[in-house]
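Here the structure comes first, spelled out in structure tokens, and everything after it is commentary.
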Protein chains: 2
Amino acid sequence: MSTTFLLKRLGFAAKEQALEAYEQAGLHPYHHAVLAVLDEGSRETQGAIADSLGYDRGQLVGLLDELEERGLVERQRDPADRRRQSVRITQDGKRALAKLRALALQLEDDFLGRLDKDRRALLRELLRELASEHIPHCAFQQQSAAVAADG
Amino acid sequence: MSTTFLLKRLGFAAKEQALEAYEQAGLHPYHHAVLAVLDEGSRETQGAIADSLGYDRGQLVGLLDELEERGLVERQRDPADRRRQSVRITQDGKRALAKLRALALQLEDDFLGRLDKDRRALLRELLRELASEHIPHCAFQQQSAAVAADG
DNA sequence: TATTGTTATACTCTATAACTATA
DNA sequence: TATAGTTATAGAGTATAACAATA
């Protein structure tokens with residue numbers, strides 16, 4: 001059983017577990033990422049959000065529609081340039097984001113389950129080493145909204 | 001940057017790299033898996049192959065069509081039960097399988113690139129520990145055709 | 001003409017469901 | 001009727017391309 005095989009399967013398992021948990025919360029990891037971006041800089045244009053997450057602009061429209069329906073974000077035309085929408089997170093959105101962040105931590109802790117603290121640190125270090133080689137801009141990247149919730 | 005995030009991204013990267021390399025070889029990891037199963041037990045029925053790999057039977061038909069076009073497998077009606085097809089790997093199929101196995105080893109080695117031998121062993125052990133919890137029947141499973149090439 | 005957001009289209013993967021031929 | 005293989009259909013997910021409003 002090769003290491004890359006284990007990586008693929010474990011990554012897939014982690015993703016599945018996350019999707020299921022987010023679905024029970026009525027949202028998708030994509031929503032988490034969008035809320036996290038909006039929570040960093042309070043007002044953003046849709047193009048800026050999409051770019052910072054690496055999402056397609058068309059994809060973002062639907063995500064924002066769903067977040068707006070739930071009252072987690074608000075959209076407003078920019079008076080200075082009426083093509084632009086100003087998007088901001090609401091108070092309900094902030095509360096939802098806090099819950100999603102707790103959920104993500106819980107998922108992480110559950111997934112690493114039987115590994116003790118030292119072994120978790122070891123695993124993380126090894127994966128970061130691989131990531132620095134295989135995941136562009138991952139080595140020096142700060143914990144940002146973009147990676148708080150993945151997809 | 002969470003550990004599960006790194007797992008997801010690295011698993012995805014490993015999969016992408018593998019797909020690209022297999023594509024250049026004119027085949028898919030699925031083909032590798034099928035050939036590996038056929039190489040274990042020389043004659044198999046399509047249902048048995050599909051079941052041992054966890055593939056859908058409809059999915060397998062197309063894979064075998066492609067392998068047969070390339071002369072890597074042969075199908076033959078079972079005279080005793082004309083509903084069944086006997087599938088066997090050809091000499092060309094065995095040669096192709098050897099190449100795919102070498103390719104998989106190469107991909108693994110490339111992916112783990114800068115990790116030395118001890119760190120590779122350590123990573124593998126940690127991943128196996130996680131796998132025993134999250135990937136059913138993975139802990140006690142021998143290296144089998146089913147996992148030689150993944151999907 | 002170029003850009004922002006939006007909508008529509010198409011393509012990949014996969015899962016499911018008919019269909020045929022044999023039993 | 002039940003099964004093995006085959007074919008067709010439908011769904012999720014995503015990428016691409018057209019579109020309307022504004023600059």
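The basis for the numbers below is simple: all heavy atoms, side chains too, and nothing from hydrogens, waters or symmetry mates. Numbered from 1 within each chain, the chains take letters A, B, ... in sequence-line order.
Between A:Leu60 atom CG and C:dT4 atom P the separation is 14 Å, expressed in whole Å. In this structure, OH of A:Tyr55 is placed 17 Å from P of C:dG5, rounded to the nearest angstrom. Taking atom CD on B:Gln46 and atom C1' on D:dT7, their separation rounds to 13 Å, with Å as the unit. Regarding B:Leu63, its CG atom lies at a distance of 14 Å from the P atom of D:dG5, rounded to whole Å. Distance CD (B:Glu16) to P (C:dT12): 16 Å, rounded to an integer number of Å. Taking atom NZ on A:Lys15 and atom P on D:dA12, their separation rounds to 16 Å, with Å as the unit. Rounding to whole angstrom units, CD of residue B:Glu44 and C1' of D:dG5 are separated by 16 Å. Taking atom NE2 of residue B:His28 and atom P of nucleotide C:dT12, one finds them 13 Å apart after rounding to whole Å.
At the phosphate of D:dT6, OP1 or OP2 sits under 4.0 Å from a side-chain N or O atom of B:Gln85. Taking only side-chain nitrogens and oxygens, A:Gln59 never comes nearer than 4.0 Å to OP1 or OP2 of C:dT6. For B:Thr45 and D:dG5, the shortest distance from a side-chain N or O to OP1 or OP2 is below 4.0 Å. For A:Arg57 and C:dT4, the shortest distance from a side-chain N or O to OP1 or OP2 is below 4.0 Å.
Applying the side chain to side chain contact (heavy atoms under 4.5 Å, CB included) rule to A:Arg83 yields the partners A:Asp81; only residues at least two apart in sequence or on another chain are considered. In this view, B:Arg95 and B:Asp92 satisfy the side chain to side chain donor-acceptor pair (under 3.5 Å) rule, not counting sequence neighbours. Under the rule for a side chain to side chain contact (heavy atoms under 4.5 Å, CB included), B:Lys99 has no partner lying at least two apart in sequence or in another chain. Under the side chain to side chain contact (heavy atoms under 4.5 Å, CB included) criterion, B:Asp116 pairs with B:Asp118, B:Arg119, sequence neighbours left out. Partners of A:Glu74 under the side chain to side chain donor-acceptor pair (under 3.5 Å) rule, at least two apart in sequence or in another chain, are A:Arg88.
The listed nucleotides are D:dT7, C:dT6, C:dT14; the one nearest the side chain of A:Arg75 is C:dT6. If you check C:dT14, C:dT6, D:dA4 against the side chain of B:Tyr30, the one that comes closest is C:dT14.
Checked for salt-bridge contact, A:Asp65 and A:Arg75 meet the test: a charged N lies under 4.0 Å from a carboxylate O.
Sorted by first and then second residue, the ring pair (Phe, Tyr, Trp, His ring centres under 6.0 Å) pairs with a member in residues 60-80 of chain B form an empty list; sequence neighbours excluded. Under the ring pair (Phe, Tyr, Trp, His ring centres under 6.0 Å) criterion, no residue pair touches residues 67-110 of chain A, with sequence neighbours excluded.
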Task: Under 4.0 Å protein heavy-atom contact, by nucleotide of nucleotides 17-23 of chain C - B base, S sugar-phosphate only - done: ----BBS

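Rotation axes derived from the C1' atoms of the five outermost pairs at either end of the helix from C:dT1-D:dA23 to C:dA23-D:dT1 lie 40° apart, to the nearest 10°.
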TODO: Start with the C-alpha gap between B:His28 and B:Glu66, add the side-chain angles, then the distance that decides, and say whether side-chain hydrogen bond (donor to acceptor under 3.5 Å, both in side chains) holds.
DONE: CA-CA 10 Å; B:His28 190 281; B:Glu66 290 151 0; over 6 Å; no

